[in-house]
Amino acid sequence: MKKSLVVSLLLAGTLGAVATAHAVDSRTRFMAANCGYCHGTDGKSRGAIPSIAGLDKAYFVQQMKDFRSGARSGAASTVMHQHATGYTDEEFEKLGEWFSKIK
Amino acid sequence: MAFDRRDFLKASAGAAALGTLAGCAAQAPTVGKARPKVVVVGAGFGGATCARYMKMWDPNIEVTLIEANDMFVSCPFSNTVLAGMNKMEDITFSYDNLKKAVDNFVVDYVTGIDTAKRSVATRGGKTFAYDHLVLGGGIELLFDQVQGYDAEAQKVIKHAWKAGADQTGVLRAQLEAMPDGGVFAMSVPKAPYRCPPGPYERACMVATYLKKAKPRSKIIILDGNEDIASKKGLFLAAWKKHYGYGTDKSLIDYRPNNMPRSVDPKKMMVGTEFDDVKADVINVVPPMRAAKICGLAGVRRGLDGKEGPWCAIDYRSFESLHVKNVYVLGDSTLTNFPKSGSVANNTGKMCAAAIVEMVNGREPDQAPVVTNTCYSATSEGTAMHVATVFRYDPAGKSMVAQKGGGVSAEESELEFAYMESWAQNVWADTLGL
Ligand SMILES: Cc1cc2nc3c(=O)[nH]c(=O)nc-3n(C[C@H](O)[C@H](O)[C@H](O)COP(=O)(O)OP(=O)(O)OC[C@H]3O[C@@H](n4cnc5c(N)ncnc54)[C@H](O)[C@@H]3O)c2cc1C
């Protein structure tokens, strides 16, 4: 289970290395959690909004870029074009990595 | 206060950061030092989310969550209850899973906060010590700013701006009891207020019901603002399309610059500067400010430190700018975010993330990104939204709305389905359902 993995990484990574080691990318963790009010906790959605947990990273990043550029539009992007424009390419990569690891 | 790196390190080393130091040591539980104690007041969208995520991200933190009510009743979707599309039980949830997620869940009402001694007192006579105190109390309604809106009047006139059986439930019953041809008078508070599109959505939802059940009736909207304060184009389009707005058959009579100044529950009248309106059902939302607990903690202060309606915070942690170790979430804060459940949920996570970083001797994210989306129902099967991404600007110490945000192209059935899914997900994410 992801949560306990994160916790043990956190503990292992920071033991004896206060204020430096970042076993968990906590910035990405927060940014990803932020998507949860629509996509569900850990990207596991109930109802019509698609789940994004476990999406292939390359697919994820391409969708985010397509939302931003308008290549994915109309009924295929009711809202995501407005969210995707607020993030950088680097953040797309990190978010893609994050969600791809969630089982 | 501000969190530049120097201040942060200084604070960590100073006596004022006892909790922080304890946290550093306690990150290895085997060491057996004290665990950082966080008290969260209010298990609404902000407080519940904050408590839950703090435990997910650092189980070593001891989290006490104090909430006045024993059930969670959601304001989002409460307007659909007025429409008869949902029942109170559809927007009422148990705290059972949240109780399991935190160390100590207390159903009690907070009556005192001592920020010097770092303790919180409840009506039930309990006290709780904290290293960090998180206030997610929502809003306080200021009935005394509307003449005649006393305890007696409040039995007849409902605001339904805090959802519950005695508010939303009663207002629905009043609408059901209203005769065909009756008048429903509702108000919009002056901005900023909880849920900018909420009153206009309410007009849509009540109109949906009246259109079916009492088509000769009328809704009078008394707006304290000079114009529709949120998603104007989309609401006007919906009112025209579904409720005859702009024709002599309109179910909706919209009156800007008409802030209710007085109510008379015996004569069933609402007075504004310009109008005296007689109605069968009156729904006045009084002016509001940050929750009472924010006043108790001395954090209901603006950027300049002066007493004000909302609480100025540091966007990187949601710590009060004026009182150390006290954090404020959601509707109580002075921000440029809309006061929404989506934002409250996000501020809860931002604060949890920052506290987790600090008690582990690390610096919180210095460039946080946070988003808002407000869906509104416009009829029984259609909805639309407004969405914005905000990014922290260190120079201005502010949150800047990123380009590209905006509203739906038009209302749609697809967005109604997404709105329902949003609600399921935000409830589950907040309460651990
Ligand atoms: C009609 C309506 C429709 C809305 N629709 C939407 C929507 O569609 N989407 C959206 O995003 N937002 C919506 N909102 C806005 C949303 O409800 C608020 O923004 C959100 O509830 C704010 O969360 P909060 O945590 O700040 O406060 P709240 O959710 O109000 O939580 C505050 C909690 O603190 C507790 N509390 C207060 N004082 C004490 C005390 N002294 N001791 C113990 N506990 C205390 C309260 O009991 C409460 O549980 C709507 C609001 C309304 C009124």
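Just so it is clear: chains get the letters A, B, ... in the order the sequence lines come, proteins before strands, and each one is counted from 1.
Residue Tyr53(B) touches chain A through its side chain alone, counting heavy-atom pairs closer than 4.5 Å. In this structure, no portion of Ala409(B) lies under 4.5 Å from any heavy atom of chain A. The parts of Thr373(B) that come within reach of chain A are both its backbone and its side chain, each placing non-hydrogen atoms under 4.5 angstrom from that chain. Within the 4.5 angstrom heavy-atom criterion, no atom of Met384(B) approaches chain A. Interface residue Asn345(B): only side-chain heavy atoms are found under 4.5 Å from chain A. Looking at Tyr375(B), the atoms closer than 4.5 Å to chain A (heavy atoms on both sides) all sit in the side chain, from C-beta outward. Heavy atoms of Ala352(B) lying under 4.5 Å from chain A are absent altogether.
A donor atom on one side chain and an acceptor atom on the other are not found under 3.5 Å apart for Thr378(B) and Glu201(B). Judged by distance alone, the side chains of Asn425(B) and Ser45(A) do bring a donor and an acceptor atom under 3.5 Å apart. For the 3.5 Å distance criterion, the side chains of Thr41(A) and Arg52(B) qualify, holding a donor opposite an acceptor.
Per-residue counts of heavy-atom pairs under 4.5 Å with chain A were compared for Ser342(B), Ala353(B), Gly341(B); the largest is that of Ser342(B). The greatest number of non-hydrogen atom pairs below 4.5 Å with chain A, out of Thr430(B), Val426(B), Asp429(B), is found for Asp429(B). Your options are Lys403(B), Gln402(B), Gln424(B), His385(B), and the one with the most heavy-atom pairs under 4.5 Å with chain A is His385(B).
Looking at residues two or more places apart in sequence or on another chain, you find a side chain to side chain donor-acceptor pair (under 3.5 Å) between Ser379(B) and Thr382(B). The side chain to side chain donor-acceptor pair (under 3.5 Å) check on Ser100(A) picks up nothing, with sequence neighbours excluded. Considering only residues two or more places apart in sequence or on other chains, Tyr315(B) meets the side chain to side chain donor-acceptor pair (under 3.5 Å) condition with Asn336(B).
Contacts from residues 84-93 of chain A to chain B, taken as heavy-atom pairs separated by less than 4.5 Å, involve Thr85(A), Gly86(A), Tyr87(A), Thr88(A), Glu91(A) in sequence order.
In this structure, Phe72(B) has its ring center at least 6.0 angstrom away from the ring center of Trp427(B). Taking the six-membered ring for Trp, Tyr59(A) and Phe99(A) have ring centres at least 6.0 Å apart.
For the pairing with Asp66(A), the side-chain hydrogen bond (donor to acceptor under 3.5 Å, both in side chains) check across Arg68(A), Gln62(A), Gln63(A) returns one residue only, Gln62(A). Each of Asn360(B), Ile355(B), Val356(B), Val359(B) was checked for a side chain to side chain contact (heavy atoms under 4.5 Å, CB included) with Pro36(B), and the lone residue meeting it is Val359(B).
Shortest non-hydrogen contact noted between Tyr327(B) and Ser317(B) is CD2-O, 3.4 Å.
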